[in-house]
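Basis for what follows: all heavy atoms, side chains included, without hydrogens, waters or symmetry-related copies.
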Amino acid sequence: MDGQMVIHATKRGILNEHIDMWNEEADMFRPNPEMSAADTKKVVGVASNILGSADYGKTRAVIKSTFGSSTAGEDLYARLTKYNERLEDHQGMVKNVYCSELVILCYQMAWFQGKVEERNNKLFINLDGKHAWPSTLRRYLRSNPFFKELGLFKKQPNA
């Protein structure tokens, strides 16, 4: 999220925690070059909306990510359009997400407002997050020059 706070999807739910309180390992990536303050605000706004409206989707994580294609297609864009309509109606954007899907949605919804050309933003993650394993997201980010890998975050034993 911003500063040292992280919004993430875990079996315990969608959480907003200080990174020092995080008990899990995580691959760390950042946009390359760094995002502007305005772009960061867009991504944080999406993450905050998800935090306020969604639950962790265990079934979604196991079933949907396993038995669907992570290739972005018309189903994805129709879903993103539906999420935009929910936002315009002041509803929760999405009801269930899992870890990699939350990250993907943040970087999609920050720029996609229903226009085809918005899919071309360099930070738009061109994966169907509903069907993307964390390893799929990791491979995508590693191959994308607009993201840089910072390494694996591991909480220190005495931290």
Side-chain angles (χ1 to χ4, degrees), residues 1-2 5-17 19 22 24 26-32 34-36 38-144 146-149 153:
M1 192 171 140
D2 71 43
M5 299 303 290
V6 178
I7 292 177
H8 57 115
T10 73
K11 294 173 190 167
R12 297 180 288 137
I14 312 301
L15 305 173
N16 182 10
E17 295 181 316
I19 199 159
W22 204 1
E24 301 170 38
D27 293 302
M28 301 287 284
F29 291 86
R30 290 288 180 266
N32 183 30
E34 295 292 324
M35 286 191 300
S36 67
D39 285 348
T40 300
K41 186 176 180 179
K42 288 180 186 180
V43 174
V44 170
V46 174
S48 296
N49 182 283
I50 293 171
L51 173 69
S53 67
D55 292 318
Y56 181 76
K58 182 178 179 181
T59 302
R60 191 172 179 123
V62 174
I63 305 285
K64 298 290 185 180
S65 62
T66 302
F67 297 107
S69 171
S70 62
T71 302
E74 291 310 309
D75 287 349
L76 165 67
Y77 304 121
R79 202 173 324 114
L80 295 178
T81 299
K82 176 176 70 174
Y83 295 160
N84 273 315
E85 290 168 359
R86 287 179 181 170
L87 288 174
E88 289 172 7
D89 292 339
H90 305 287
Q91 301 176 26
M93 182 177 72
V94 62
K95 295 176 181 134
N96 295 287
V97 293
Y98 60 99
C99 53
S100 52
E101 183 182 21
L102 186 146
V103 172
I104 293 167
L105 278 174
C106 288
Y107 282 89
Q108 290 173 334
M109 294 298 294
W111 289 278
F112 185 76
Q113 303 299 312
K115 297 182 183 117
V116 172
E117 62 272 11
E118 293 166 331
R119 305 175 197 174
N120 297 325
N121 182 290
K122 66 184 180 181
L123 296 178
F124 181 92
I125 296 177
N126 203 27
L127 292 172
D128 190 333
K130 187 175 181 180
H131 304 291
W133 282 98
S135 59
T136 306
L137 175 59
R138 182 184 316 113
R139 280 191 305 275
Y140 176 90
L141 295 175
R142 283 180 175 161
S143 68
N144 186 322
F146 298 111
F147 289 90
K148 61 184 171 190
E149 186 171 10
F153 172 83

Do [X] side-chain atoms and [Y] backbone N/O form a donor-acceptor pair below 3.5 Å?
| X | Y | result |
| --- | --- | --- |
| N49 | L87 | no |
| Y140 | S135 | no |
| D89 | Q91 | no |

- Task: Step through it carefully: locate the ring centre of Y107, locate the ring centre of F147, and say whether they are under 6.0 Å apart.
- Result: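 Centroid separation for Y107 and F147: below 6.0 Å.
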As an exercise, state the distance from [atom1] of [X] to [atom2] of [Y], rounded to the nearest 0.5 Å.
| X | Y | atom1 | atom2 | answer |
| --- | --- | --- | --- | --- |
| S143 | R138 | OG | CZ | 12.5 Å |
| K130 | Y98 | NZ | OH | 9.5 Å |
| L137 | I104 | CG | CD1 | 4.5 Å |
| I7 | E17 | CD1 | CD | 11.0 Å |
| N16 | S48 | CG | OG | 7.0 Å |
| K122 | N120 | NZ | CG | 13.5 Å |

Between [X] and [Y], what is the shortest heavy-atom contact and its length?
| X | Y | result |
| --- | --- | --- |
| V94 | V97 | CG1-CG1, 3.6 Å |
| Q108 | I125 | NE2-O, 2.8 Å |
| N96 | G57 | CB-CA, 3.9 Å |
| M28 | F153 | CG-CB, 3.6 Å |
| S70 | H131 | CB-O, 3.5 Å |
| L105 | V46 | O-CG1, 3.9 Å |

Are any non-hydrogen side-chain atoms of [X] and [Y] less than 4.5 angstrom apart?
| X | Y | answer |
| --- | --- | --- |
| R142 | F29 | yes |
| D128 | S69 | no |
| L76 | F112 | no |
| M35 | K41 | no |
| K95 | D55 | no |
| I50 | M93 | yes |
| Y56 | R12 | no |

- Query: Of all residues at least two apart in sequence or in a different chain, which pass the side chain to side chain donor-acceptor pair (under 3.5 Å) check with N126?
  - Reply: Y77
